[in-house]
Amino acid sequence: MLKNLNTKKKLFLFPILFILIVIISTFLYEHYSNIANTRNNVAITTDKFIQQLLKGRISIYQFLRKPSEKLEEIVYINFKQLDQNVLNLKTTLTEEKNRILCDKIIDNSVKYIEYFDIMAKQRILDYNNGIKEESSEIKDIISKMVVIGLSLEEEIEKINKSATELREDANSLLNETLIILAIIAIIVFI
């Protein structure tokens with residue numbers, strides 16, 4: 001095909017090819033870079049979820065040291081904030097397994113607060129009546145809460161790990177695509 005073109009047209013064709021390759025490279029880079037950045041933001045957000053979960057669990061331990069309605073309310077606020085943030089993240093996720101994990105996190109958080117609610121009412125009543133030690137019933141509820149709390153943390157870490165792996169995949173795909181484009185450009189120019 002190029003043999004039929006005169007030298008002037010051939011020389012004019014190379015800058016056009018170069019510009020097309022640069023434009024294609026730019027679009028590819030932007031696309032995969034945006035995907036990697038989005039997945040990086042998910043990983044960062046899930047790190048914050050772990051911190052929020054720990055903050056909520058710390059507020060429960062503070063409640064247990066000196067049960068009061070004020071400290072009880074702080075626990076509810078902390079877990080409500082975690083639930084809302086997980087719901088907000090769920091709307092940005094593309095992987096179905098991560099959306100399912102978000103649902104599990106919400107479900108476990110609700111269970112955790114249900115147990116806390118049962119325990120808190122009784123513990124405040126006992127504390128106000130001068131009973132400093134937790135009853136065996138309250139200790140059983142706390143042990144169930146610990147199991148759910150660990151499960152919550154594991155599910156958040158799974159989303160974090162998945163987002164990190166997907167980010168790495170997007171970066172690898174970007175690199176591979178740009179290398180293929182560079183090889184094609186070299187072949188065309190040779």
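Since the structure is predicted, the reported quantities are computational estimates derived from the model, not experimental observations.
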Cluster link Ile138 to Ile131, ILVMFWY, side chain under 4.5 Å = no
ask   = Any side-chain heavy-atom pair from Arg123 and Asp126 closer than 4.5 angstrom?
value = yes
request  = Compare every heavy atom of Cys102 with every heavy atom of Leu89, then report the nearest pair and how far apart it is.
outcome  = CD2-SG, 4.5 Å
ask   = How long is the span from the CG atom in Asn78 to the CG atom in Leu54, to the nearest 0.5 Å?
value = 11.0 Å
task = Among Ile, Leu, Val, Met, Phe, Trp and Tyr joined by side-chain contacts under 4.5 Å, find the other residues sharing a cluster with Ile23 and list them by chain and number.
result = Ile19, Phe27
ask   = Charged N to carboxylate O below 4.0 Å: is that the case for Lys121 and Asp117?
value = yes
key: Close side-chain approach of Tyr32 and Leu178, heavy atoms under 4.5 Å   = no
Where Ser109 and Leu152 come nearest, the two heavy atoms and their spacing = N-CD2, 3.9 Å
ask   = If every non-hydrogen atom of Thr164 is compared with every non-hydrogen atom of Ala43, which pair is closest and at what distance?
value = OG1-CB, 3.9 Å
note = When rounded to the nearest 0.5 Å, the distance separating CD of Glu157 from CG of Asp47 is 9.0 Å
inquiry  = A side-chain contact here means heavy atoms from C-beta on lying under 4.5 Å apart; do Arg65 and Leu71 qualify?
reply    = no
query = Which atom pair, heavy atoms only, marks the closest approach of Ser151 to Asn108?
reply = OG-ND2, 3.2 Å
query = How about Phe63 and Met119: do any of their side-chain heavy atoms sit closer than 4.5 Å?
reply = yes
request  = Kindly work out whether a path of hydrophobic side-chain contacts (I/L/V/M/F/W/Y, heavy atoms less than 4.5 Å apart) joins Ile58 to Ile60.
outcome  = no
Between CG on residue Leu53 and CD on residue Glu155, distance to nearest 0.5 Å = 10.5 Å
request  = Looking only at non-hydrogen atoms, find the nearest pair between Leu174 and Tyr29 and report the distance.
outcome  = CD1-CA, 3.5 Å
ask   = OG of Ser162 to NZ of Lys97: how many Å apart, nearest 0.5 Å?
value = 4.0 Å
request  = Please report the shortest heavy-atom distance between Tyr115 and Ile141, naming the atom on each side.
outcome  = O-CG2, 3.4 Å
query = Are Leu87 and Ile105 co-members of a hydrophobic cluster defined by side-chain heavy atoms under 4.5 Å apart?
reply = yes
ask   = Are any non-hydrogen side-chain atoms of Ile142 and Leu64 less than 4.5 angstrom apart?
value = yes
task = From the options Leu181, Ile187, Ile186, Ile180, select the one residue that forms a side-chain contact (heavy atoms from CB on, under 4.5 Å) with Ile183.
result = Ile187
task = For side-chain contact (heavy atoms from CB on, under 4.5 Å), just list the numbers for Ile118 and Gln122, CA-CA rounded to whole Å, side-chain angles, deciding distance to a tenth of an Å, and then say yes or no.
result = CA-CA 7 Å; Ile118 295 166; Gln122 183 61 43; over 6 Å; no
inquiry  = Test of understanding: with side-chain hydrogen bond (donor to acceptor under 3.5 Å, both in side chains), list the residues that count as partners of Asn88, not counting sequence neighbours.
reply    = Gln84
ask   = Does a side-chain heavy-atom distance below 4.5 Å link Val110 with Phe79?
value = no
message = Test of understanding: clusters of I, L, V, M, F, W, Y form through side-chain heavy atoms closer than 4.5 Å, transitively. Do Ile24 and Phe18 belong to the same one?
response = yes
message = Is there a side-chain contact between His31 and Ile35 in this structure, where contact means two heavy atoms from C-beta onward sitting under 4.5 Å apart?
response = yes
request  = Establish, for the pair Lys66 and Tyr127, whether the NZ or CZ atom is under 6.0 angstrom from the six-membered ring centre and no further than 45 degrees off its axis.
outcome  = no
query = What's the verdict on side-chain contact (heavy atoms from CB on, under 4.5 Å) for Leu166 and Val42, showing C-alpha distance, side-chain angles and the deciding distance?
reply = CA-CA 10 Å; Leu166 290 171; Val42 170; over 6 Å; no
ask   = Just wondering, more than 12 heavy atoms not from Glu96 lying within 6.0 Å of its CD?
value = yes
task = Give a yes or no on whether Phe49 atom CZ has more than 12 heavy-atom contacts from other residues, nucleotides or ligands under 6.0 Å away.
result = yes
key: Glu153/Arg57 salt bridge by N-O under 4.0 Å criterion   = yes
The single option from Leu93, Thr91, Ile159, Thr94 passing side-chain contact (heavy atoms from CB on, under 4.5 Å) against Arg99 = Leu93
inquiry  = In this structure, would Ile100 and Ile156 fall into the same cluster of hydrophobic residues linked by side-chain contacts under 4.5 Å?
reply    = no
task = Verify the neighbour count for atom CD of Glu137: are there more than 12 heavy atoms of other residues, nucleotides or ligands below 6.0 Å?
result = no
inquiry  = Is the distance from the ring center of Tyr76 to that of Phe116 below 6.0 Å?
reply    = yes
task = Apply side-chain contact (heavy atoms from CB on, under 4.5 Å) to the pair Val75 and Ile113, showing each step before the final yes or no.
result = CA-CA 9 Å; Val75 171; Ile113 289 300; 4.1 Å; yes
query = Quick one: does Pro67's side chain get under 4.5 Å of Glu72's, heavy atoms only?
reply = no
request  = Measure the spacing between NZ of Lys161 and CG of Leu101 and express it to the nearest 0.5 Å.
outcome  = 12.0 Å
note = Test side-chain hydrogen bond (donor to acceptor under 3.5 Å, both in side chains), reference Thr46, set Asn98, Asn160, Asn41, output is Asn160
key: Salt bridge flag under 4.0 Å for residues Asp169 and Arg39   = no
query = Does one side chain, of Gln52 or Asn85, offer a donor that lies under 3.5 Å from an acceptor on the other?
reply = yes
ask   = From Thr38 OG1 over to Asn34 CG, what is the distance, rounded to the nearest 0.5 angstrom?
value = 6.0 Å
